[in-house]
Amino acid sequence: MVSTRMPPSETAEHSDPRPLLAHHPLDPAARAWLDESVARVTARPAAVRTLFPAVRRRCGRARLDARWTVDEAARAVLLTALPLGGRPLADELAGLHRHGDPAEQRAVLRTLPLLAAPDGGDAAREPLGDLALPLVREALRGNDSGIIEAALGPYGAARLPDAEYRQAVLKCVFQEIPLDRIDGLPARADAELARMLADFAHERVAAGRAVPADIWPVVRPFPAADRLTDRLTVETRAAAPERREAAEHALEALHRATAFP
């Protein structure tokens with residue numbers, strides 16, 4: 001795939017919430033509970049099944065930054081404390097995801113990048129690798145925007161096959177999830193994704209509807225942009241008034257878009 005050199009997303013820059021949580025003024029009782037819970041999970045991994053759902057009640061859900069809340073970060077702390085790797089870790093994550101509410105599912109998905117390789121380079125712990133991809137795929141089949149966004153964090157962005165990644169990006173466009181919240185787009189945008197987005201744009205114009213502005217930088221560097229320009233030019237000359245107006249706006253936005261710096 002050809003990189004469009006999109007500026008890295010905020011999600012990519014802040015994939016590890018543990019430093020944020022360490023400096024957050026967490027209630028002393030909540031901090032003590034979390035420290036005790038980490039010790040319990042380390043000693044007996046199955047304890048995470050009862051502790052994981054209790055996090056929000058014990059630690060709250062204040063926002064740490066644009067991506068992480070306190071409860072999600074605390075859940076990440078518990079998951080990274082699990083002394084598991086490989087298939088046992090994947091199975092434990094699958095159970096927590098399957099039985100969790102949306103907030104718990106988001107936490108599992110957002111923690112995957114921290115679990116994909118042995119923490120701290122511990123060679124004795126088998127890495128998670130691609131074993132959690134079924135959770136990403138399950139999340140992408142749903143319609144919860146927050147869960148889809150979490151599924152397209154650094155783990156899913158790095159490991160989804162090209163065709164699945166493209167379909168996930170297109171789904172985000174349909175669900176009006178801003179593309180700057182999707183990880184990996186700078187490296188993974190390619191001519192085929194540009195073609196798919198160009199076709200989407202033309203369908204919107206044909207319906208007299210506006211086109212999301214954030215698709216243009218993805219389309220612009222590839223040949224699909226020239227083909228779309230030709231199609232939109234025809235629309236501006238021969239289409240009904242509402243389609244002509246939509247085409248004119250789309251052409252203007254496409255010409256204004258530039259390759260990412």
Side-chain angles (χ1 to χ4, degrees), residues 1-13 130 133 136-137 139-261:
M1 284 190 167
V2 179
S3 172
T4 58
R5 295 177 294 170
M6 177 180 285
S9 69
E10 196 166 297
T11 60
E13 295 172 355
D130 291 342
L133 270 180
V136 174
R137 293 183 171 114
L140 293 175
R141 285 194 290 270
N143 292 306
D144 185 307
S145 296
I147 290 176
I148 291 171
E149 182 182 331
L152 289 173
Y155 180 90
R159 296 171 184 273
L160 279 172
D162 289 347
E164 293 180 59
Y165 184 81
R166 294 186 197 107
Q167 288 296 332
V169 172
L170 195 61
K171 181 166 187 173
C172 288
V173 174
F174 275 107
Q175 294 203 199
E176 300 182 348
I177 298 173
L179 295 187
D180 64 359
R181 296 182 187 174
I182 301 175
D183 212 275
L185 198 52
R188 302 204 62 175
D190 65 356
E192 178 59 15
L193 177 59
R195 182 198 64 76
M196 294 166 66
L197 292 174
D199 286 347
F200 164 81
H202 189 258
E203 290 172 4
R204 295 277 290 217
V205 167
R209 301 176 63 191
V211 179
D214 57 358
I215 76 165
W216 299 124
V218 182
V219 174
R220 190 73 180 93
F222 298 101
D226 295 331
R227 292 192 292 271
L228 181 59
T229 296
D230 293 341
R231 295 165 77 184
L232 293 176
T233 300
V234 172
E235 299 287 352
T236 64
R237 294 172 180 165
E242 66 275 7
R243 290 174 61 180
R244 185 164 58 248
E245 182 179 2
E248 289 171 349
H249 287 317
L251 266 176
E252 181 183 355
L254 178 56
H255 289 155
R256 195 167 54 240
T258 58
F260 300 107

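Below, all heavy atoms of this structure are taken into account, side chains as well, without hydrogens, waters or symmetry copies. Everything quoted here is computed from the prediction, not taken from an experiment.
- Using a 4.5 Å heavy-atom threshold, the side chains of Leu185 and Val218 count as touching.
- His249 has its side chain out of reach of Val211: every pair of non-hydrogen atoms, C-beta onward, lies at least 4.5 Å apart.
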What donor-acceptor contacts under 3.5 angstrom involve side-chain atoms of residues 171-179, with partners at least two apart or in another chain?
from: Lys171; atom 1: NZ; to: Leu140; atom 2: O; distance (Å): 2.6
from: Lys171; atom 1: NZ; to: Gly142; atom 2: O; distance (Å): 2.5
from: Gln175; atom 1: NE2; to: Asn143; atom 2: O; distance (Å): 3.3
from: Gln175; atom 1: NE2; to: Ser145; atom 2: OG; distance (Å): 3.4

Practice problem: Could you walk me through whether Gln167 and Met196 pass side chain to side chain contact (heavy atoms under 4.5 Å, CB included), step by step? | Solution: CA-CA 9 Å; Gln167 288 296 332; Met196 294 166 66; 3.4 Å; yes
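- For Ala157, the side chain to side chain contact (heavy atoms under 4.5 Å, CB included) partners two or more places apart in sequence, or in a different chain, are Tyr165, Asp183.
- Using a 4.5 Å heavy-atom cutoff, the side chains of Asp190 and Arg166 are in contact.
- For Val136 against Ala151, the heavy-atom pair with the smallest separation is CG1-O, 3.6 Å.
- The shortest non-hydrogen separation linking Arg220 to Ala225 is O-CB, 3.7 Å.
- Of the inter-residue distances, the one linking Asp162 atom CG with Glu192 atom CD reads 10.0 Å to the nearest 0.5 angstrom.
- With sequence neighbours excluded, the residues satisfying salt bridge (charged side-chain N to carboxylate O under 4.0 Å, His left out) with Arg137 are Glu164.
- A heavy-atom distance below 4.5 Å is found between the side chains of Tyr155 and Leu133.
- Here CZ of Arg181 is found 12.5 Å from CG of Leu152. Values are rounded to the nearest 0.5 Å.
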Quiz item: Can Val219 and Phe200 be said to form a side chain to side chain contact (heavy atoms under 4.5 Å, CB included), step by step?
Solution: CA-CA 11 Å; Val219 174; Phe200 164 81; over 6 Å; no
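- Between Trp216 and Ala253 the shortest heavy-atom distance is NE1-CB, 3.3 Å.
- Residues meeting the salt bridge (charged side-chain N to carboxylate O under 4.0 Å, His left out) test with Glu248, sequence neighbours left out: none.
- With sequence neighbours excluded, the residues that form a side chain to side chain donor-acceptor pair (under 3.5 Å) with Arg231 are Asp199, His202.
- Taking both residues in full, the closest heavy atoms of Ala139 and Ile147 are given as CB-CG2, 3.5 Å, listed atom of the first, atom of the second, then distance.
- Residues forming a side chain to side chain contact (heavy atoms under 4.5 Å, CB included) with Ala246 (at least two apart in sequence, or on another chain): Val205.
- If you take CG on Asp214 and CG on Asp180, they are separated by 7.0 Å, rounding to the nearest 0.5 Å.
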